[in-house]
S.K.: 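I am attaching a structure below and will ask some questions about it afterwards.
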Amino acid sequence: MQTVTLNNGATMPILGFGVYQIPPEQTEQAVTGALAAGYRLLDTAAAYKNEEAVGRAIRNSGVPRDELFVTTKLWVQDAPAEQNTERAFETSLAKLGLDYIDLYLMHQPYGDVHGQWRGMEEAYREGRAEAIGVANFHPDRLVDLIVNNDVTPAVNQIETHPFFQRAADQELMSGHGVQIQSWGGFAEGRNNLFTQPLLSEIGREHGKSVAQVVLRWLAQRDVVAIPKSVRPERMAENIDIFDFELTDDQMAAIATLDTGASLFFDHRDPEMVARLAKHRLDS
Ligand code: NAP
């Protein structure tokens with residue numbers, strides 16, 4: 001598996017498996033399938049409520065821990081942020097049944113982000129989070145976090161797909177040593193992504209599916225992707241992207257699909273800020 005090197009020297013697979021919206025009772029089977037298909041990067045979050053099932057699948061897989069790259073995420077929660085972050089981190093470790101996390105991400109750019117970040121820095125210094133990063137940070141918030149703290153996030157996981165490509169954001173992040181990671185790489189199928197004519201045509205030229213073209217396009221841009229699927233045949237399809245290469249013309253053609261706008265929601269939308277800030281996890 002191709003890897004990227006993070007700003008602390010850690011390596012991360014360029015392609016992994018995401019478990020958002022997989023119900024807890026289906027997650028163990030899905031992750032077991034993904035590990036059997038060859039995925040080694042797993043992306044979960046406290047807010048997905050399926051960390052325990054991810055942990056069970058890891059334990060039963062027989063895959064050595066040091067071959068895995070496990071990401072989970074801190075939810076926006078009550079103050080005081082530093083203590084709360086430590087508690088949330090311990091809870092995630094316990095649910096996953098792990099003694100360290102490869103990458104711990106701040107899930108949303110809300111609340112006491114600097115307090116949360118200091119709590120995350122503590123887990124990083126103790127070596128229990130091998131890397132720390134953020135998700136859904138627009139450039140202004142990201143730079144604010146970087147310039148006011150000691151540790152620069154290793155990763156920013158943001159909505160990135162053919163209709164919202166984030167090239168300028170990627171450039172800014174890369175200038176600060178922050179690795180871009182795509183969530184919603186297929187835009188969850190919105191805008192009829194899987195039958196989009198240009199992507200379908202490029203797929204035909206390579207004997208590949210639209211899903212494979214999209215994941216290959218992300219990999220060629222050095223964007224880490226974590227597609228989600230509960231179907232074993234799609235898990236196998238989505239990891240089979242390392243035997244072909246998109247041409248410069250094809251990369252340039254895909255660039256024209258960018259609308260520059262989210263297909264989900266803007267994290268700067270005041271209504272969404274208020275709604276997510278009210279969302280509390282039970283434990
Ligand atoms: P996604 O990966 O863009 O799309 C998943 C959808 O595509 C599912 O409906 C899946 O259906 C379908 N699919 C997968 N492979 C396919 C294929 N080869 N052909 C046709 N359809 C296919 O969406 P996502 O789950 O939202 O994003 C990926 C991961 O990013 C998440 O699981 C999560 O780990 C992370 N994420 C993070 C954030 C954040 O705020 N940090 C937000 C959203 C997501 P089936 O399952 O039925 O195959």
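Note: hydrogens, waters and symmetry copies are ignored here, and every other heavy atom, side chains too, is used. Counting starts at 1 for both ligands and their atoms, in listed order.
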S.K.: If you draw the axis of the six-membered ring of Tyr104, does the NZ or CZ of Arg128 fall within 45° of it and under 6.0 Å from the ring centre?
M.R.: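 The answer is no, since Arg128 fails at least one limit relative to Tyr104.
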S.K.: Using the test salt bridge (Lys or Arg N to Asp or Glu O under 4.0 Å), find all partners of Arg166 that sit at least two apart in sequence or belong to another chain.
M.R.: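 In terms of salt bridge (Lys or Arg N to Asp or Glu O under 4.0 Å), with neighbours along the sequence ignored, Arg166 is linked to Asp169.
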S.K.: Enumerate, one pair per line, all nitrogen or oxygen atoms of ligand 1 lying under 3.5 Å from a protein nitrogen or oxygen, stating the separation to 0.1 Å; write 'none' if no such pair exists.
M.R.:
unit_1, atom_1, unit_2, atom_2, d
ligand 1, 2 (O), Lys228, N, 3.2
ligand 1, 3 (O), Gly185, N, 3.4
ligand 1, 3 (O), Phe186, N, 2.9
ligand 1, 3 (O), Ala187, N, 3.4
ligand 1, 3 (O), Glu188, N, 3.1
ligand 1, 11 (O), Arg234, NH1, 3.3
ligand 1, 15 (N), Asn238, ND2, 3.0
ligand 1, 18 (N), Glu237, OE2, 3.1
ligand 1, 18 (N), Asn238, OD1, 2.9
ligand 1, 21 (N), Arg234, NH1, 3.4
ligand 1, 26 (O), Glu188, OE2, 2.4
ligand 1, 27 (O), Gly184, N, 3.0
ligand 1, 32 (O), Val19, N, 3.3
ligand 1, 32 (O), Tyr20, N, 3.0
ligand 1, 34 (O), Asp43, O, 3.4
ligand 1, 34 (O), Asp43, OD1, 2.6
ligand 1, 36 (N), Tyr48, OH, 3.4
ligand 1, 40 (O), His107, NE2, 3.4
ligand 1, 40 (O), Asn136, ND2, 2.9
ligand 1, 41 (N), Gln157, OE1, 2.8
ligand 1, 46 (O), Lys228, NZ, 2.8
ligand 1, 46 (O), Val230, N, 2.9
ligand 1, 47 (O), Arg231, NE, 3.3
ligand 1, 47 (O), Arg234, NH1, 3.3
ligand 1, 48 (O), Ser229, OG, 2.6
ligand 1, 48 (O), Arg234, NH1, 2.7

S.K.: List the atom pairs, with distances to 0.1 Å, where a side-chain N or O of residues 269-279 and a protein N or O form a donor-acceptor pair under 3.5 Å, not counting sequence neighbours.
M.R.:
unit_1, atom_1, unit_2, atom_2, d
Asp269, OD1, Glu271, N, 3.0

S.K.: Could you give the side-chain donor-acceptor pairs of residues 254-266 under 3.5 Å, partners two or more places apart or in another chain?
M.R.:
unit_1, atom_1, unit_2, atom_2, d
Thr256, OG1, Ala253, O, 2.5
Asp258, OD1, Gln165, N, 3.0
Asp258, OD1, Gly260, N, 3.0
Thr259, OG1, Phe163, O, 2.7
Thr259, OG1, Ala261, N, 3.2
Thr259, OG1, Ala261, O, 3.4
Ser262, OG, Glu159, OE1, 2.7
Ser262, OG, Phe264, N, 2.8
Ser262, OG, Phe265, N, 3.0
Ser262, OG, Phe265, O, 3.2
Asp266, OD1, Arg268, N, 2.8
Asp266, OD1, Arg268, NE, 3.1
Asp266, OD2, Arg268, NH2, 3.2

S.K.: Going by the angle between their ring planes, with limits at 30° and 60°, are Tyr39 and Phe17 parallel, tilted or perpendicular?
M.R.: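 Judged by the thresholds at 30° and 60°, the geometry between Tyr39 and Phe17 is tilted.
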S.K.: Short question: side chain of Arg141, backbone of Pro109 - any donor-acceptor pair under 3.5 Å?
M.R.: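 Yes: the side chain of Arg141 pairs with the backbone of Pro109.
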